[in-house]
Participant: 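Questions regarding the structure given below will be posed in turn.
In what follows, chains are A, B, ... by sequence order, proteins preceding strands, each numbered from 1. No experiment lies behind these values; they were computed from the predicted model shown.
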Number of protein chains: 2
Amino acid sequence: MIAPIRQSTLADTVEARLRQFIRKQRFRPGDALPKETELAAQLKVSRNVVREALSRLRMLGIVESRRRRGMVLAGADIPAVLRRMIHPQLVPDSQDLFELRLVLELGLVDLLFLRRQEFLIRDLERIVRREEAVPGDLRLNQQCEIAFHSAIYAATGNTLLVCFQELLQPFFRDARGRHFAPDRFATPKRPNHRHLIEALRQGDVEEYRRLMRQHLSPYFDDLPRVRSGVR
Amino acid sequence: MIAPIRQSTLADTVEARLRQFIRKQRFRPGDALPKETELAAQLKVSRNVVREALSRLRMLGIVESRRRRGMVLAGADIPAVLRRMIHPQLVPDSQDLFELRLVLELGLVDLLFLRRQEFLIRDLERIVRREEAVPGDLRLNQQCEIAFHSAIYAATGNTLLVCFQELLQPFFRDARGRHFAPDRFATPKRPNHRHLIEALRQGDVEEYRRLMRQHLSPYFDDLPRVRSGVR
DNA sequence: CGTGGTAATATGTACTACATAAGGGCATAA
DNA sequence: TTATGCCCTTATGTAGTACATATTACCACG
C-alpha cells in the first residue's frame, strides 16, 4: 500500500506558518498581529490566501479581529471547536469517542470527591425521585439518566469535562440503542443511581468507582478485546 | 456586567449554514457537495466568503476538495485539530487540561486491563531498567517517566487517548516544574513504576488504580478544592 | 483493448475596488 | 475639566474579475 501524494495549498502553508510564528515569538493572548496586507506582502501571497488562513485561526479562537483595530491573539476555544466536529455523522471512528466517555466517567471520580458540594446530593436525589415516580416511562427514564450523569460532571467544576459529556451523549445513546437488551440493563446485580448516591454520601471513593464500573458494565461488556492497528 | 455585542461575519454564517446543511441532509463521508460557485450563487454571497467557510471545514477534516473533482465530505480529524489548539501558550485555562490528564490516567485503567498484551509488561520493564540504571540523571528520569506512561496509553488501543497524552504532556511538565519539591515526589509511601508493573502482571485492576492514584498524589494534592463558576 | 493526447471544468491564486466599523483627534458646550 | 458630537483615517469585510492549474472524461489512434 502506497499513500497518495497530496500537495498542500498556500492557505495550508500560511496557516502553519502563522501558528509557528505565534509560537516562536512567544506571543500571548492580547498581543497584536501584523495587518493582513503586511502579512500578504511579507509572505508574498495574495491577501485572499492570508485571509483564509486567518479565518481558520479565528475559528479556533486563536485570533480575534475587529475592523480598524487589526488582529489580536486570543485563547483557543476548545469547546467551540469540539462542538463543531463531534457528531456521530462526522466522526470516522466513533469507537474512540465511545470509549473516551467510559474513561472519563470512571476517571473523574477523584475530582468529583474533591469538589462535591452539599447541593449535589440533593440534586441527584431529586432526579432519582423523579425517575422512580414513573418506572415504566422509558423516555423520562432516559432523561433522568442523562440528567444524573450531567450533574456529576458539573460537580467536578471542570468545564471541559462537562463539554465532553454533552457532546459524547449521542455516541453513548447510539450504543445503548444498538445492543439494547432490557435484561442486560436490568440485571439484579447492577447498581442503580441510589447506590451511587449512597457511596457519595459516605464519601467512599473506591466504593463509588466500583459501583459506577458495574453500572456501566453493559457497555464495557461489548467493548472489543482488541483494536486494529495496535502497536 | 453586560456582554459586548459582536456581529458575526458572513464567513461565520456561511460556515454554520454549511454544517447545518450537511447535518440536515444526512450526508455521509464520501458524498459530494455543491460547487463553490453554486453555493455562492444560492447563498447570495461572493465566492470569497464561501471559500473562507470551506477552508475552515477543510481544516476540521469535514470536507476534502480537489481540483476539478469538487468537494466531498470526509471524516472530522479530531487529532489534527487538537494538535493545532492544545499548547500551553494558546489555551486560556490550562487547569482544565491539567485535570483532564489526571482523569484520563485513572479512567483508562479498565480499558488497559481489557486490551493489554504480553509485550506491554516487557516494554515497561525495559523502561524501568533504563530508569534505574542511572538514578541521579534527572533528564533521563523524566524521559523514562514519559515513555512509561506513553506505553500505557498506547496499550489501550485508543488513538484519541494517545493523542491527548501527547498533547497534555507539556501541561503536566509545567505543573511538575511549578511545585517541584523533591521530597514530595520521593515520599517513601509513593508507589513507583515497579509497583504498577506488578499490579499489571497480577491482573489486579483495583490495586493498579489505587497505586496509580498514589503515584499521582503530588499532583492531586495541589488541585484547588473549588473552581470558579461552579453550578 | 490499451495508450496517449486533448478539451472541459472546478478549485486555487491574484488583484482591484469599495463598504463599513472603530479609533483618534479636534472643536464645542455644559 | 469633562462630555458630546463630528470628521478623518485605517484595517478588516465583501464583491467581483481574471487567470493558473490539476484532474477528469472523452476521443482518436495504434
Participant: Give a yes-or-no answer on whether the side chains of A:Thr37 and A:Arg47 include a donor-acceptor pair shorter than 3.5 Å.
Facilitator: no

Participant: Measuring only between side-chain heavy atoms, which start at C-beta, is B:Leu111 closer than 4.5 Å to B:Leu161?
Facilitator: yes

Participant: Could you give the start and end, 5' to 3', of the contact zone on DNA chain D for chain A, using atoms under 4.0 Å from its heavy atoms?
Facilitator: D:dT9 to D:dA22

Participant: Does a sphere of radius 6.0 Å around CZ in A:Arg83 hold more than 12 heavy atoms from other residues, nucleotides or ligands, not counting ones at 6.0 Å or beyond?
Facilitator: yes

Participant: Using whole Å, what does the distance between atom P of nucleotide C:dT13 and atom CZ of B:Arg51 come to?
Facilitator: 7 Å

Participant: For A:His193 and A:Phe148, take the angle between the two ring planes, folded into 0 to 90°, and tell me which bin it lands in: parallel under 30, tilted 30 to 60, perpendicular over 60.
Facilitator: parallel

Participant: What is the separation between atom CG on B:Leu33 and atom P on C:dA10, rounded to the nearest whole Å?
Facilitator: 14 Å

Participant: I need a per-nucleotide contact map over nucleotides 14-23 of chain C, read 5' to 3'. Cutoff is protein heavy atoms under 4.0 Å; write B for the base, S for backbone only, - otherwise.
Facilitator: BB-B--BBBS

Participant: Are the aromatic ring centres of B:Tyr153 and B:Phe164 under 6.0 angstrom apart?
Facilitator: no

Participant: Any idea which heavy atoms bring B:Leu82 and B:Cys163 closest together, and the distance?
Facilitator: CD1-SG, 4.4 Å

Participant: Using a strict threshold of under 4.0 Å (side-chain N to carboxylate O), is an ion pair present between B:Arg58 and A:Asp12?
Facilitator: no

Participant: Side chains of B:Met71 and B:Pro34: closer than 4.5 Å at any heavy-atom pair?
Facilitator: no

